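For reference, the structure is listed below as structure tokens.
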Amino acid sequence: MKLLVHGMQSSGATAFTLFLAQRPDCVALVDIANRFPAPAVSPSLDMVAKTVITTAFPLALHQQRFQPDKTILLLRDPRDNYVSLATKHYRDDSGTMAEKFVLLDQAFLARSAVDAVIYYEDFVARSPDVLRTVAGLGWPVSEDYYTYHRRHEAILADLWTHLPQLFTEMDLVFGNVQGREVTDRKQRKAWDAAVEAQLERLCPHLLAHYRARS
């Protein structure tokens, strides 16, 4: 099985994919850098890969190349997402921040085309619904995956064993995941009326959705 996770930069999609990669019998690309499309590979083990929303590579291209059996859209409150991404040096790589938040809104509106939607807030709260949803897609998970026992070295070693060509075809990165387990300490950011006004223009539908969830 191949599982694709797609989300905005600074949305927590890498942390979620690292959670999925705790399976001992899989290979994982927990964070494909924004300047690369998902690879066209046929590993002998199950595989999970995470891609980000950019103007360079649409989701359809990632799916065409990677050929996932299932695709998950990872969503985060766009206000928290915006404030977090604004601090990153790569915020305008492969599209400006503004362009990418417009695409995020489009991805939200088209969410019925993916196999599952996971909310970052539910993930860090360790909602049982997240485990049920992922397991229902055919990707076994358990509570102990919230602790990142399988670290970067082990993930890279498995990639080297099963997909060594990736080491020359693309940069292998791990995003900004910090700590040894999933926590909600970075869930809420300080945003103001100016951020909301910006997102009213760029990402109105997802913003309205999150306001309704509050």
Side-chain angles (χ1 to χ4, degrees), residues 1-74 84-85 87-95 100 103 107 114-115 118 120 123 134 137-142 144-182 186:
M1 178 184 184
K2 287 192 285 187
L3 183 62
L4 183 66
V5 178
H6 191 60
M8 188 67 168
Q9 293 166 310
S10 291
S11 69
T14 300
F16 176 66
T17 307
L18 184 58
F19 160 80
L20 299 176
Q22 296 308 296
R23 275 185 58 183
D25 55 345
C26 75
V27 288
L29 288 172
V30 299
D31 186 24
I32 297 175
N34 62 72
R35 60 188 178 279
F36 294 99
V41 290
S42 298
S44 57
L45 298 179
D46 288 350
M47 183 174 185
V48 60
K50 171 246 174 176
T51 57
V52 292
I53 291 171
T54 69
T55 61
F57 305 114
L59 174 58
L61 177 62
H62 293 304
Q63 292 174 316
Q64 178 184 345
R65 289 174 56 81
F66 188 60
Q67 292 293 302
D69 297 286
K70 302 290 183 180
T71 299
I72 295 173
L73 178 64
L74 192 289
S84 178
L85 183 55
T87 66
K88 307 299 193 299
H89 67 86
Y90 50 78
R91 59 187 175 272
D92 291 318
D93 291 350
S94 298
K100 287 182 279 192
L103 293 176
V114 300
D115 298 287
I118 298 291
Y120 170 76
F123 167 58
V134 174
L137 296 176
W139 191 270
V141 286
S142 63
D144 65 321
Y145 288 10
Y146 284 109
T147 301
Y148 296 136
H149 295 294
R150 191 178 183 220
R151 304 300 295 176
H152 302 351
E153 297 83 0
I155 292 171
L156 286 171
D158 286 339
L159 284 170
W160 179 254
T161 298
H162 297 280
L163 296 168
Q165 71 274 20
L166 294 184
F167 285 76
T168 57
E169 293 176 356
M170 62 195 306
D171 295 340
L172 300 179
V173 296
F174 286 87
N176 293 313
V177 178
Q178 300 174 4
R180 293 271 175 176
E181 65 178 335
V182 175
K186 292 188 175 183

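All values derive from a computational prediction rather than experimental measurement.
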Shortest non-hydrogen contact from [X] to [Y]?
X      : Y      : answer
Ala15  : Tyr148 : O-OH, 2.9 Å
Tyr145 : Pro140 : CE2-O, 3.6 Å
Val30  : Ala21  : CG1-CB, 4.0 Å
Thr87  : Ser84  : OG1-O, 2.7 Å
Ile32  : Ala38  : CD1-CA, 3.8 Å
Ala28  : Ile155 : O-CG2, 3.5 Å

Side-chain contact test, heavy atoms from C-beta onward, threshold under 4.5 Å: evaluate it for [X] versus [Y] and give yes or no.
X      : Y      : answer
Asp115 : Leu3   : no
Leu103 : Met8   : no
Arg150 : Asp158 : yes
Ser10  : Tyr90  : yes
Leu29  : Thr51  : no
Phe16  : Lys50  : no
Ser11  : Val52  : no
Leu74  : Tyr120 : yes

Between [X] and [Y], is there a donor-acceptor pair closer than 3.5 Å when you use the side chain of the first and the backbone of the second?
X      : Y     : result
Thr55  : Ser94 : yes
Trp139 : Leu20 : yes
Lys2   : Val41 : yes
Arg91  : Leu85 : no
Gln67  : Ala40 : no

Hey, could you give me the [atom1]/[atom2] distance between [X] and [Y], rounded to the nearest 0.5 Å?
X      : Y     : atom1 : atom2 : result
Leu172 : Asp31 : CG    : CG    : 10.5 Å
Gln63  : Arg65 : CD    : CZ    : 13.5 Å
Leu59  : His6  : CG    : NE2   : 4.5 Å

For His152 and Leu18, what are the C-alpha separation, side-chain angles and deciding distance, and is it a side-chain contact (heavy atoms from CB on, under 4.5 Å)? CA-CA 9 Å; His152 302 351; Leu18 184 58; 4.3 Å; yes
Residues Lys88, Gln9; criterion side chain to side chain donor-acceptor pair (under 3.5 Å); working and verdict: CA-CA 9 Å; Lys88 307 299 193 299; Gln9 293 166 310; over 6 Å; no
Taken in chain and number order and not counting sequence neighbours, the residues that satisfy side chain to side chain contact (heavy atoms under 4.5 Å, CB included) with Pro58 are Leu61
Who are the side chain to side chain donor-acceptor pair (under 3.5 Å) partners of Arg23, not counting sequence neighbours?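 Result, side chain to side chain donor-acceptor pair (under 3.5 Å) vs Arg23: Asp25, Asp46.
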Using the side-chain contact (heavy atoms from CB on, under 4.5 Å) rule, take Phe19 and Val48 through it: C-alpha gap first, then chi angles, then the decisive distance, then the call. CA-CA 10 Å; Phe19 160 80; Val48 60; over 6 Å; no
Result block: side-chain N/O donor-acceptor pairs under 3.5 angstrom for residues 162-171, not counting sequence neighbours:
from: His162; atom 1: ND1; to: Ser44; atom 2: OG; distance (Å): 3.3
from: Thr168; atom 1: OG1; to: Gln165; atom 2: O; distance (Å): 3.0
from: Asp171; atom 1: OD2; to: Arg35; atom 2: NH2; distance (Å): 2.2

